K.L.:
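Please see the structure below; I have some questions.
Just so it is clear, the values below take in all heavy atoms, side chains as well, and ignore hydrogens, waters and symmetry mates. A, B, ... follow the sequence lines: proteins, then strands. Residue 1 opens every chain. Note that the structure is a prediction, hence the values are computed from the model and not measured.
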Amino acid sequence: MPDVRDGLRDGLQAALEGVGVVPAPVEIAIERPRDRSHGEWSSNVALAAAKTARRPPRQLAEQIVAHLSAEPPPHVLAVEAAGPGFVNFRLAPSWLHEVLAEVIAAGADGYARSDTGSGRSVSVEFVSANPTGPLHAGHGRWAAYGDSLCRLLERCGYRVTREFYVNDRGRQIDLFAASLDARSRGAEPPEDGYHGEYVADWAAEMPDGADPRQWGLERARRDQADTLAAMNVTFDRYTSESALVARGAMDRVLDDLRSRAMVYTQDGAVWLRTGEFGDSADRVLVKSDGEPTYFLPDIAYHHEKFSRGDLVIDILGADHHGYVPRMRAALGALGHPPEGYETLIGQNVTLRRGGVAVRLSKRAGDMVIVSELLDEVGPDVTRLVYLLQSIDTTQTIDIDVVSAQSAENPVYYLQYAHARIHSLGRQAEARGVRRASLDGVDLAVLVHERELDVLRALAGLPDTVAAAMRARAPHQVTTWARELASAFHRFWHDCPILRDDVGEDVRQARLWLVEATRIGLAVALAILGVSAPERL
RNA sequence: GCCCUCGUAGCUCAGUGGAUAGAGCAUCGGUCUCCUAAACCGUGUGCGCAGGUUCGAUUCCUGCCGGGGGCGCCA
């Protein structure tokens with residue numbers, strides 16, 4: 001896909017040669033200046049290359065400008081040296097008209113797609129909630145985040161496997177089954193058991209004679225699956241811990257570690273030398289009672305995942321961050337390269353209702369589950385709210401705000417832009433206005449600042465998608481979508497389309513501009529896993 | 001004590017190794033005979049503190065202060 005920066009970069013390259021800076025000492029960076037008055041694009045090459053060029057940056061910038069001005073790259077109206085030594089480019093709107101044509105040609109399926117990950121596979125594990133209860137608000141965040149990250153990776157060409165690990169054996173399951181059993185008999189769960197209300201609810205559903213363990217696991221998994229389905233999050237692979245143990249994967253990985261002399265016995269327990277691989281201490285693999293800890297099957301699971309991904313990504317809650325060094329150490333002990341394993345730690349979610357924070361604790365019982373949020377605001381708002389901010393920050397979701405049908409709710413701004421586009425389509429149809437073939441439309445009539453702002457936003461989408469994928473930060477796509485919506489609302493306000501006093505040539509060009517906006521919004525919403533209403 | 005993470009406007013949050021740090025909400029004041037006013041326009045003494053690296057730091061590094069999370073032969 002053509003990029004206006006290619007021409008600018010070639011021009012800068014030639015200019016550097018022209019002023020005797022050969023070869024260029026740095027990669028030529030071209031970025032958008034924060035301040036529009038500094039032009040459409042800007043380069044800091046003169047600042048970066050000044051030292052090797054052995055002249056003041058400002059002087060170098062002026063020399064570069066002199067060369068570029070003699071033979072300006074495509075679309076360039078003027079080149080200026082500015083500030084400490086920036087080279088600023090002023091461009092004709094034609095570069096944006098080319099962007100519009102590109103967006104239309106690529107469509108929602110093709111625009112902002114890249115092949116940076118083609119031929120590479122990645123396994124992404126997220127949510128992996130214990131089958132001991134419903135998904136809480138934090139799980140909802142990982143579901144929204146993880147699925148959107150996968151969509152980003154896919155858009156960049158990676159082959160992605162979405163993975164969910166089910167810890168269906170061990171002490172927590174025993175406690176859950178015991179809690180369920182106690183409730184079904186009208187008794188209190190064990191002290192360190194599960195005290196949430198749902199345990200009593202589920203116990204009441206449990207048929208007489210059912211095995212609380214088996215029945216409870218199925219009940220919890222069904223509940224979680226329903227919630228994930230409601231959020232439009234699906235997994236390619238569920239791996240059961242007990243099944244993994246049953247088919248011998250755990251024993252095999254233990255043998256493997258033994259053969260590598262990574263294991264020793266002490267106090268009747270089997271330990272892994274994780275301390276030698278960067279962990280703060282060695283860890284127990286098999287307890288003195290002969291039972292494996294969760295850690296050993298988890299190692300086996302991660303070992304397996306490398307058969308599905310060149311890159312293995314775990315998305316974990318902040319409360320599991322301490323687990324990262326030991327898993328990293330275990331994988332190192334098995335000979336996996338460190339760069340093949342990536343962990344993304346998400347901070348907690350707090351829900352607020354009526355101005356009061358609701359505490360999240362599945363075992364204590366006072367828990368806010370995702371389905372509560374889903375029931376109130378629906379899957380689209382739920383996902384978008386989760387993806388409004390970075391997972392590095394703790395998130396506070398005010399249920400009163402996000403469930404309000406008001407301007408306070410940040411989701412509506414986006415949805416309204418989408419609805420306006422579809423409203424225009426309906427109006428156009430009612431008035432018998434049709435969009436002419438793009439070949440016959442003169443996009444050069446798009447010169448209004450509001451029109452150009454929309455196109456500038458659209459021009460930035462490919463970079464945004466690429467950057468969001470690299471940073472594992474789907475919320476950057478949300479931010480972009482809000483910026484596009486803002487540009488679109490301002491355009492809408494100032495640039496009528498169907499009104500009688502609008503000339504046909506301008507109307508046609510604007511109809512295509514709206515279509516391009518629709519495509520941009522569709523790309524972003526597809527990555528976010530959100531659908532927007534066609535009318536509000 | 002150690003580890004992870006955050007600290008940006010009254011509130012909720014974006015953002016960047018660069019040239020004058022943004023959005024939404026809230027406040028106050030404007031804009032519909034016109035495609036949806038859930039919109040638009042105007043309105044602001046803000047990067048926790050101190051060092052360091054750099055031509056340039058709010059951004060990177062170190063320390064401190066403050067918030068959240070974690071440090072089991074639980075998962």
Side-chain angles (χ1 to χ4, degrees), chain A residues 29 31 33-35 37-38 42 44 47-48 50-51 56-57 82-86 88 128-130 132 167 169-175 192 241 266-271 280-281 283-289 291-295 298 316-325 343 345-348 350 363 388-398 401 405-413 415-417 419-428 430-431 433 450 475-476 478-480 482-483 485-486 488-502 507 510 514 535-536:
Chain A
E31 53 195 23
R34 203 164 16 210
D35 187 334
S37 71
H38 292 129
S42 176
N44 66 351
L47 288 155
K51 197 174 268 182
F86 291 102
N88 293 340
S128 291
N130 286 352
T132 55
N167 291 104
R169 55 167 288 284
R171 179 170 162 72
Q172 293 305 322
I173 300 301
D174 296 342
L175 285 170
D192 50 358
E241 180 182 352
Q266 185 181 307
D267 303 330
V270 179
W271 299 70
S280 56
R283 305 290 169 181
V284 170
L285 295 178
V286 183
K287 296 188 270 184
S288 50
D289 64 4
E291 274 297 301
T293 61
Y294 83 97
F295 186 37
D298 214 8
L316 302 166
D319 56 340
H320 283 68
H321 93 269
Y323 148 107
V324 172
T343 51
I345 309 295
Q347 299 302 309
N348 289 341
T350 307
R363 293 176 205 174
L388 280 171
Q389 67 190 69
S390 160
I391 59 153
D392 290 337
T393 62
T394 52
Q395 181 173 34
T396 304
I397 298 177
D398 190 324
V401 168
Q405 308 272 312
S406 79
E408 265 185 278
N409 187 339
V411 172
Y412 279 92
Y413 192 75
Q415 296 191 328
Y416 189 40
R420 276 183 152 175
I421 290 170
H422 287 270
S423 165
L424 181 78
R426 291 190 295 270
Q427 276 292 325
R431 298 180 186 207
V433 175
R450 300 306 199 206
H475 79 277
Q476 291 180 359
T478 313
T479 301
W480 178 87
R482 295 170 80 181
E483 282 165 6
S486 173
F488 179 72
H489 283 308
R490 283 179 287 132
F491 156 75
W492 182 277
H493 187 266
D494 290 350
C495 302
I497 300 166
L498 299 178
R499 242 165 51 182
D500 295 340
D501 57 334
V502 177
R507 174 176 299 139
R510 285 179 177 168
V514 173
R535 58 181 87 215
L536 287 184

K.L.:
Please classify the nucleic acid contact of A:Ala419 as base, sugar-phosphate, or nothing, using heavy-atom distances under 4.0 Å.
P.N.:
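Base contact - A:Ala419 has a heavy atom under 4.0 Å of at least one base atom.
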K.L.:
By the 4.0 Å heavy-atom rule, please label A:Asn88 as base, sugar-phosphate, or nothing.
P.N.:
base
K.L.:
I need the CZ-C1' distance between A:Arg510 and B:C34, as an integer number of Å.
P.N.:
13 Å
K.L.:
What integer distance in Å separates A:Tyr413:OH from B:C25:C1'?
P.N.:
13 Å
K.L.:
So what does A:Gln476 touch, heavy atoms closer than 4.0 Å: a base, only the sugar-phosphate, or nothing?
P.N.:
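It contacts sugar-phosphate atoms only.
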K.L.:
Would you say A:Arg450 reaches B:C41's phosphate, i.e. side-chain N/O to OP1/OP2 under 4.0 Å?
P.N.:
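For B:C41, OP1 or OP2 has a side-chain N or O of A:Arg450 closer than 4.0 Å.
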K.L.:
Atom CD1 of A:Ile391 to atom C1' of B:C4: distance rounded to whole Å?
P.N.:
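After rounding, the reported distance stands at 12 Å.
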K.L.:
Establish, with yes or no, whether the OP1 or OP2 oxygen of B:A14 is under 4.0 angstrom from a side-chain nitrogen or oxygen of A:Thr393.
P.N.:
yes
K.L.:
Measure distances between side-chain N and O atoms of A:His321 and base N and O atoms of B:G69, and say whether any donor-acceptor pair falls under 3.5 Å.
P.N.:
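Side chain to base: pair present.
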K.L.:
Using a 4.0 Å heavy-atom cut-off across all strands, classify A:His38 as base, sugar-phosphate, or nothing.
P.N.:
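Base contact.
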K.L.:
Which part of the nucleic acid, if any, lies within contact of A:Pro57, taking any heavy atom under 4.0 Å across all strands shown: a base, the sugar-phosphate backbone alone, or nothing?
P.N.:
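Here A:Pro57 touches no strand at all.
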K.L.:
Whole angstroms only, please: what is the CG-C1' distance between A:Asp392 and B:C3?
P.N.:
16 Å
K.L.:
If you compare every side-chain N and O of A:Lys287 against the phosphate oxygens of B:C74 (OP1, OP2), does one of them come in below 4.0 Å?
P.N.:
yes
K.L.:
So, does the side chain of A:Ser288 form a donor-acceptor pair with the base of B:C73 at under 3.5 Å?
P.N.:
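Answer is yes: a donor-acceptor pair is held.
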K.L.:
Hey, what do you get for OH (A:Tyr323) to OG1 (A:Thr343), rounding to the nearest 0.5 Å?
P.N.:
9.5 Å
K.L.:
At under 4.0 Å between heavy atoms, what does A:Ser423 touch on the DNA or RNA strands: base, sugar-phosphate, or nothing?
P.N.:
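Counting heavy atoms under 4.0 Å across all strands, the contact made by A:Ser423 includes a base.
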K.L.:
Any side-chain N or O of A:Arg420 less than 4.0 Å from the OP1 or OP2 oxygen of B:A37?
P.N.:
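True: A:Arg420 side-chain N/O within range (under 4.0 Å) of B:A37 OP1/OP2.
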K.L.:
Looking only at side-chain N and O atoms, does A:Trp492 come under 4.0 Å of OP1 or OP2 in B:A37?
P.N.:
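Yes, such a contact exists.
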K.L.:
What is the separation between atom CD1 on A:Ile497 and atom C1' on B:C34, rounded to the nearest whole Å?
P.N.:
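Spelled out: CD1 on A:Ile497 to C1' on B:C34 is 13 Å.
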K.L.:
Determine the stems involving RNA chain B; a stem requires 3 or more consecutive pairs of the Watson-Crick or G-U wobble kind, each with both distances below 3.5 Å, and the answer is none if no such run exists.
P.N.:
B:1-7 with B:65-71, B:10-13 with B:22-25, B:28-31 with B:39-42, B:48-52 with B:60-64
K.L.:
Any base atoms under 4.0 Å from A:Asn44, or only sugar-phosphate, or nothing? Heavy atoms, all strands.
P.N.:
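Here A:Asn44 touches the bases of the nucleic acid.
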K.L.:
Send over the distance from A:Gln427 CD to B:C34 C1', rounded to a whole Å.
P.N.:
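Result: 11 Å.
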K.L.:
As a test of reading the structure: which of B:C13, B:A75, B:A19 is closest to the side chain of A:Asn130, going by heavy atoms?
P.N.:
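Taking heavy atoms from C-beta onward, the closest nucleotide is B:A75.
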K.L.:
Provide, to the nearest angstrom, the distance between the CH2 atom belonging to A:Trp271 and the P atom belonging to B:G72.
P.N.:
11 Å
K.L.:
Starting from P on B:A38, measure out to CZ on A:Arg482 and report it in whole angstrom.
P.N.:
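Checked: the CZ to P distance equals 18 Å.
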K.L.:
Regarding A:Thr396, tell me which of base, sugar-phosphate or nothing describes its non-hydrogen contacts under 4.0 Å with the strands shown.
P.N.:
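Result for A:Thr396 = sugar-phosphate.
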K.L.:
Describe the nucleic acid contact of A:Pro325 in one word from base, sugar-phosphate, nothing, applying a heavy-atom distance below 4.0 Å.
P.N.:
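No contact.
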